[in-house]
Amino acid sequence: MPEEKKIFTDSGIEIAPVYSAGSPASEASAEKPGEYPFTRGVQPDMYRGKLWTMRQYAGFSTAEESNKRYHYLLSQGVMGLSVAFDLPTQIGYDSDHPLSEGEVGKVGVAIDSIEDMETLFNGIKLEEVSTSMTINATGFILLSFYVALAKKQGADLKKISGTIQNDILKEYAARGTYIYPPKPSMRIITDIFEWCASDLPKWNTISISGYHIREAGSTAVQEIAFTLSNGKAYVKAAQEKGLDINVFGKRLSFFFNSHNNLFEEIAKFRAARRMWAKMMKSMGATDPKAMMLRFHTQTGGSTLTAQQPLNNISRVTIQSLAAVLGGTQSLHTNGYDEALSLPTEEAARIALRTQQIVAFESGAPDTVDPLAGSFFIESLTNEVEEATWKLIEKIDALGGSVSAIEQGFIQDEIARSAYEYQQKIESNEKIIVGVNKFQVKEEASIPIFKIDDSIRTLQTEKLQRLRANRDRAKVDQCLQQLNDHVVNGDNIMPAVIEAVENKCTLGEIADTLREVYGEYK
């Protein structure tokens, strides 16, 4: 007999030809959803009680343009907004800074001041929406803009809900939009934890992100190993500051990727929940709510192809199903055209409809953790967990995430996986439909969403008006006060909020901290 072909998941876990009652670790779990260690979900009734939040990520050019898209998405049934910011906003430069040239409004919306934030949410009551902001190095400034706007709207800060990504460790490991060195960055994050615990209790203060780690080329196992290790580093930093794990632990959330290998992705989500519960317990959490891994999912941007882009609708459908069967709390589905440009309105609508079809037509949400007890899924969940713990032990041996990043270990692991994956595509060992097999001669017929370069001129004019119409002495006083807070080790959030209320710009606030902390190179 010829030797049977071996098949592996993308993380290198071997798949047996058949799973049965005798398979290792296939005993259907006696665990209940909503109870420690939450393998089967964080709610006892999961989607029967409340569907996941359907978010659509949007943000481009000016606040005016993005605001139009938000009103459109809300009219189409979106339940939460997700804001993308342009590169200058992400790295703390105003739109008129020389380094902002060519980047203003390109990969997200340009936000320079409280006035831009007002325009972005014009006609939207912040008390009535949940907003997720994908922002890290300048997360503290964008949160301050949002809080200042909520106060201006007369909102009760105790009712304001949403999330800032605020995950700087994955920026050093995978994405690169950091400003300050790791230790000061960790201090800013714990300041946000501390301030929100008392003043903004419903806000998720961090979304510990595996998404960008996966986009950079990691495997599913590496995605959760590096993400949970980063989570552990944030928890330890908060504990060192004297914060209570049972309080801030409830406001931690996660952000994962969903790729095409349906069963490995489902197993990944289930394993991650179980592992985080064990980690939090080992770090001293006693409140079950502080042990819950709640997460947002986005479908895999790097899986989308520029070739035969309409095929991406099928990919996004599989990825959405994996997220729902894996128990996500909120979901963003990518537009089919995102390998070509920012999504057009039509592509964004189809992406949202994909979620709505999974929600209302597929039957997937009708029962809790529908694949629990599957010999295959239970085995794979255990194997993903086992492989992930092994990797986490290596990171712990290096002194934890911050140290592993400083030594380049995490970056090297991701680069190696990305290289190996690309080699498999080039050798046709891994088939990507329409890319290395089933190609067709294509005519470019997909409409592309373009951003006009005049955006920078518009933003520069707005900044000139803002600077001409504000109290300069008050601005200087606010920036000096912020500097004092940074130098003295006081919580910076009250000073940043006062600064934005007095029309200090994003760049001025970021620069005040640059003067004290320097920049990470």
Side-chain angles (χ1 to χ4, degrees), residues 54-61 65-66 68-70 72-73 76 78 80-87 89-90 103 105-110 132-135 165 174-177 209-218 223 255-261 265 296-323 328 330-358 418 421-422 425 432-435 442-452 455:
M54 295 183 198
R55 293 189 183 280
Q56 282 309 104
Y57 189 48
F60 51 87
S61 76
E65 287 301 314
S66 295
K68 284 179 200 163
R69 178 70 66 91
Y70 292 151
Y72 171 74
L73 290 168
Q76 294 297 310
V78 153
L81 298 173
S82 287
V83 188
F85 297 96
D86 73 356
L87 203 53
T89 304
Q90 291 179 50
E103 293 296 341
K106 287 287 168 74
V107 297
V109 62
S132 170
M133 295 190 275
T134 304
I135 195 74
Q165 195 163 95
R175 219 174 140 260
T177 63
S209 174
Y211 185 83
H212 305 96
I213 289 170
R214 191 68 179 279
E215 289 294 284
S218 81
E223 180 188 353
F255 173 27
F256 290 120
N257 211 314
S258 189
H259 275 217
N260 292 328
N261 192 319
E265 294 300 297
H296 168 68
T297 309
Q298 183 174 337
T299 56
S302 61
T303 67
L304 303 180
T305 64
Q307 299 91 331
Q308 301 175 37
L310 290 172
N311 293 346
N312 293 328
I313 297 173
S314 302
R315 293 185 176 101
V316 170
T317 305
I318 290 167
Q319 294 163 10
S320 304
L321 196 56
T328 194
S330 100
L331 179 60
H332 161 87
T333 32
N334 288 333
Y336 67 83
D337 54 358
E338 286 187 51
L340 302 165
S341 69
L342 285 168
T344 57
E345 201 167 275
E346 183 203 37
R349 185 176 64 246
I350 291 170
L352 175 61
R353 294 291 180 258
T354 302
Q355 289 200 53
Q356 290 164 335
I357 290 165
V358 171
Y421 187 77
Q422 188 58 35
I425 293 170
I432 307 293
V433 173
V435 176
E442 293 181 78
E443 301 297 323
S445 60
I446 298 284
I448 285 179
F449 189 89
K450 282 198 166 71
I451 298 293
D452 191 337
I455 303 298

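Being a predicted model, the structure only gives us computed values, none of them experimental.
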Is a side-chain donor-acceptor pair under 3.5 Å present for S302 with E215? yes

Distance-minimising heavy-atom pair for H332 and Q355: CA-NE2, 3.9 Å

Sidechain-backbone polar pair: T328 side chain, L331 backbone, donor-acceptor under 3.5 Å: no

Measuring from N260:CG to T303:OG1, what's the distance to the nearest 0.5 Å? 5.0 Å

Output yes when K106 and E103 qualify as a salt bridge under the 4.0 Å nitrogen-oxygen rule, no when they do not. no

Return yes if a side-chain donor-acceptor contact under 3.5 Å exists between T89 and D86, otherwise no. yes

Could you give me the CA-CA distance, side-chain angles and deciding distance for M133 and Q165, then say whether side-chain contact (heavy atoms from CB on, under 4.5 Å) is met? CA-CA 6 Å; M133 295 190 275; Q165 195 163 95; over 6 Å; no

Would you say the side chain of E265 lies within less than 4.5 Å of the side chain of F256, judging by non-hydrogen atoms? no

Rounded to the nearest 0.5 Å, what separation is found between the NE2 atom of H296 and the OG atom of S209? 9.5 Å

Heavy atoms only: give me the nearest Q308-E442 pair and the separation to one decimal. N-OE1, 2.7 Å

Compare all side-chain heavy atoms of Y70 with those of V83 and state whether any distance is below 4.5 angstrom. yes

Once rounded to the nearest 0.5 Å, what's the spacing between atom OG of S218 and atom NE2 of H212? 12.0 Å

So how far is it from H259 NE2 to I318 CD1, rounded to the nearest 0.5 Å? 13.0 Å

Answer whether the closest heavy-atom distance between the side chains of Q298 and N334 falls below 4.5 Å. yes

Just checking, is any N or O donor in the side chain of R175 or Q90 under 3.5 Å from an acceptor N or O on the other one? yes

Within the distance-only criterion (no hydrogens, no angle test), does the side chain of S258 pair as donor or acceptor with the backbone N or O of Q319 below 3.5 angstrom? yes

May I ask you to test the Y336-I350 pair for a side-chain heavy-atom distance under 4.5 Å? yes

Closest heavy-atom pair, P343 versus D337, reported as atoms and distance to 0.1 Å, is CA-OD1, 3.3 Å

Considering non-hydrogen atoms only, spot the tightest contact between N257 and T297 and give its length. C-CG2, 4.2 Å

Heavy-atom side-chain proximity of R55 to V78 below 4.5 angstrom: no

N-O pairing of R353 and E346 below 4.0 Å: no

To the nearest 0.5 Å, what is the distance between OH on Y211 and OG1 on T134? 10.0 Å

What's the shortest heavy-atom distance between T354 and S320, and which atoms? CG2-OG, 4.1 Å

Is the shortest side-chain heavy-atom distance between V109 and S61 below 4.5 Å? no

Can you tell me how far apart OG1 (T333) and CG (N312) are? Round to the nearest 0.5 Å. 12.5 Å

Atom of R315, atom of V433 and distance for their closest heavy-atom approach: NH2-O, 3.0 Å

Report the C-alpha distance between E338 and L342 in whole Å, list the side-chain angles of each, state the deciding distance to 0.1 Å, and finish with yes or no for side-chain contact (heavy atoms from CB on, under 4.5 Å). CA-CA 6 Å; E338 286 187 51; L342 285 168; over 6 Å; no

